[in-house]
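Letters A, B, ... mirror the listed sequences (proteins, then strands); counts begin at 1.
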Amino acid sequence: MADLWLQFVLTLDATLRVATPLIFCAMAGLFSERSGIIDISLEGKMLMSAFTAASVAAMTGSPWLGLISAIVVSVSFSLVHGFACITHKGNQVISGLAINILASGLTVTIGIALFAQGGQTPFLKASERFAPLILPFADMLRSIPGIGVIYAEVISGHNLLVWLALLSVLVTGYVLARTRFGLWLRAVGEKPEAVDTAGISVVWLRYQAVIIAGILCGMAGAYLSIAHGAGFVREMTAGKGYIALAAMIFGNWRPLPALMACLMFGFLDALAARLQGVELPGIGLVPTDLILVLPYVLTVVLLAGFIGKATPPRAIGVPYVKER
Amino acid sequence: MMRTSLPQWVDIGLLPLINILAAFVVAGVIIAMIGENPFVALMVMLKGAFVYKGALGYTLFYATNFIFTGLAVAVAFHAMLFNIGGEGQAAMGGLGLGLVALALDPVLPPLLVVLLAIPMAAVFGAIWGAIPGWLQARRGSHIVITTIMFNFIAASIMVWLLAGMLMAPGQMSPETRSFADGVGLAQIHTIFNAMGIPMARSPLNLSFLIALLASFGVWVLIWRTRLGYVIRATGHSERAVIYAGHSPQRIIMITMAISGALAGLMALNEILGVQQRVILNFTSGYGFTGIAVALMGRNHPVGIILASLLFGALYQGGAELDFEFQTITREMVLMIQGLIILFSGALAYMFNPVLERIYAHFFTRREVLGDG
């Protein structure tokens, strides 16, 4: 029984680790999409910043410089997206796809040129990564039956970026619901004409939204390569950007429900990893492939309106043309 | 689409060329930044794509994939539907084809198996396209998101089947057993050699001709049939279609089914033409490239064939880069592809104002003079 409890707690711990990049990206998508800009490019921006973070950390030895440059690179890709969709009123889906494909080509191309290791970055030493933060008394409290393990495993031992991800949900919720900027942002995604009539720049608001999305994707990428992992491997995002997009839709473009969806998807992922090759009584070998596909299936079912209704911002995907 | 005052030859001829050029210039700058000579790289790619023995065959082989996936994206786009699901539809096409071949090749003659398997690729692709179509038409879910999700679902199904019940016995990699001898499409070089015309070995096979036929079929469908007219009308104004007595929802589903069927046919080239067994990830991004191809080809079959040739050359030339350079690999092509999608898709009209000004400067004045 104690063993089963430990297994469960460890799965929860893994859930949080797996969910962290999803949370960052879901919040990024939320900012962008609430302002009316579809962001398929979460995946590409995360990949690009994972690569940048690992490369810079490997070259300078500083995870902080890695994180900062990851954010800079991610934001510049956001600006490309903004330039195409806001300034030139290009198709937002096409622009996002272009960025994703560009990122998967660029990371390997530059990676080989820099390190000559087949597109990987060198293995990072502990000092070049964000270390787990062991909270006070973690080891002492571990011996308390039941709850001690939760404190020691699930709450303590995470790196800074995990906490930042959780914090980003609170900040996103606060900014959207309680600040003037958030009000404008929501308005520009629903009815840009109204914002324009009020004398507020639609273009600048949307640029701000995609820049924030870039910052958050940069942290997601840095988490993957220099906090959770110890270096960059090609295609290391492996569709997480799309899962985050799905989680955001699942959360109906709202921060807290999106967080819940991220945690649920993270839990499915952690569960699948734990059940790999495990035979359960009555079920037999657990089909982990089918667990991993659940987020996508659930999103389709949700979008079809079978479990609640997804209501995207009304002006999403439509470039704003000022009336003359 | 943005309105433009430019004449057609600038709009469909010059502008795409300028956009491609912009993509190549940026790619060239990146190549220079990683310390290689972009002009040398370009020469290597051109030679690799056209000059070396068998190179052209490989280029056309890759182009075949892009014609199918490009047509798929284009057909959907005429109804203003954005089909990002080419990957999944092609994978399912391969599955349908494979299931027929694996089930029937012990009992039926190879030719019959092939003739039964080909439509199955289209049918499976069509189903995988029609479901998101149905979801959009009847349940209002966004086709972009659902097709992306369907790509992942298809990929998982393929892993599950190919590493499970369809996996060849005694095999470690996720793939089926090989089809029986003769279950496949003849390769062009063997046909030519049999006729006494020497031709270098390449994977180019009969599906290239099927792709050309499909292009002609799409042209007829879109511009010469009533259905095609309604598809285009649906893209412009659903209300007009309803007034004309059609159901836009039905049209959306039919269009997505046709689109999926075309993407599914891509499996002919890879599975029936070369592998003669179903392998994992044989779609390797061709579905996504189809989006670039359709964008560049302006959703017209002729444009799509031309764009497919360009991408075929890029893929084959990119493979050559791998051999010649230490620091450049074929992922470079992915980068160029991303840039092409960016410039000819999202930034398609960036150069429009400049061109309009130049055009106005040179041509309108001459007309005035001509009048006088």
Exercise for review: For A:I101 and B:Q337, work out which heavy atoms get closest and say how close.
Suggested key: CD1-NE2, 3.9 Å

Point to revise | Which atoms of A:L114 approach chain B - backbone, side chain, both or neither, heavy atom under 4.5 Å | key: neither

Point to revise | Point-to-point distance, once rounded to the nearest 0.5 Å, from CZ of B:R139 to CG of A:L303 | key: 11.5 Å

Review point. Quick one: of B:I336, B:T146, B:L342, who has the most non-hydrogen atom pairs under 4.5 Å with chain A?
Key: B:L342

Exercise for review: First locate atom CD1 of B:I84, then atom CD1 of A:I94, and finally report the distance between them rounded to the nearest 0.5 Å.
Suggested key: 8.5 Å

Revision key, fill the gap. d(A:L302 CG, B:M149 CE) to nearest 0.5 Å is 10.5 Å

Study note, to complete from the structure: Most heavy-atom pairs under 4.5 Å with chain A, out of B:I340, B:V159, B:I148, B:N151, belong to B:I148

Point to revise | Under 4.5 Å from a heavy atom of chain A, the part of B:L135 involved | key: side chain

Study note, to complete from the structure: Honestly, the part of A:L245 sitting under 4.5 Å from a heavy atom of chain B is side chain

Check your understanding: Could you give the distance from CE (B:M335) to CD1 (A:I110), rounded to the nearest 0.5 Å?
Key -> 8.0 Å

Check your understanding: Rounded to the nearest 0.5 Å, how far apart are CD1 of B:I291 and CG of A:N91?
Key -> 10.0 Å

Exercise for review: Give a yes or no on whether B:H78 atom NE2 has more than 12 heavy-atom contacts from other residues, nucleotides or ligands under 6.0 Å away.
Suggested key: yes

Check your understanding: How many angstroms lie between atom CZ of B:F325 and atom CD1 of A:I112, to the nearest 0.5 angstrom?
Key -> 13.5 Å

Check your understanding: Which atoms of A:I249 come close to chain B, meaning under 4.5 Å heavy atom to heavy atom: side chain ones, backbone ones, both, or neither?
Key -> side chain

**Study point:** Most chain A-contacting option - heavy-atom pairs closer than 4.5 Å, from B:F152, B:W160, B:F150
**Key:** B:F152

Point to revise | Neighbour count >12 (heavy atoms, 6.0 Å) for atom CH2, B:W134 | key: yes

**Study point:** Atom group of B:L295 that falls short of 4.5 Å from chain A, counting heavy atoms
**Key:** side chain

**Study point:** Single hit among A:V293, A:V297, A:L294 for side-chain contact (heavy atoms from CB on, under 4.5 Å) with B:S156
**Key:** A:V293

Exercise for review: May I ask you to check whether over 12 heavy atoms, not counting those of A:R254, lie within 6.0 Å of atom CZ?
Suggested key: no

Exercise for review: Go through the atoms of A:L106 and report whether side chain, backbone, both or neither lie under 4.5 Å from a heavy atom of chain B.
Suggested key: both

Check your understanding: Got B:V144 and A:I38 here, is their nearest side-chain heavy-atom distance under 4.5 Å?
Key -> no

Practice item. Write down the atom of A:G105, the atom of B:L334, and the distance for their closest heavy-atom approach. Key: CA-CB, 3.7 Å

Review point. Checking heavy atoms, do the side chain of A:S104, its backbone, both or neither come under 4.5 Å from chain B?
Key: both

Review point. Is there a side-chain contact between A:L102 and B:L339, using heavy atoms and a 4.5 Å cut-off?
Key: yes

Check your understanding: Checking A:A116 against chain B: side chain, backbone, both or neither under 4.5 Å from a heavy atom?
Key -> neither

Point to revise | Heavy-atom pairs under 4.5 Å with chain B, option from A:T107, A:V108, A:T87 with the top count | key: A:V108

Point to revise | Worked check of side chain to side chain contact (heavy atoms under 4.5 Å, CB included) between B:I131 and A:V300 | key: CA-CA 10 Å; B:I131 301 172; A:V300 170; over 6 Å; no

Check your understanding: What part of B:I153 gets closer than 4.5 Å to chain A, counting heavy atoms only: side chain, backbone, both or neither?
Key -> both

Practice item. Specify the closest pair of heavy atoms between B:A346 and A:S95, including all atoms of both residues, with the distance to one decimal. Key: CB-CB, 3.5 Å

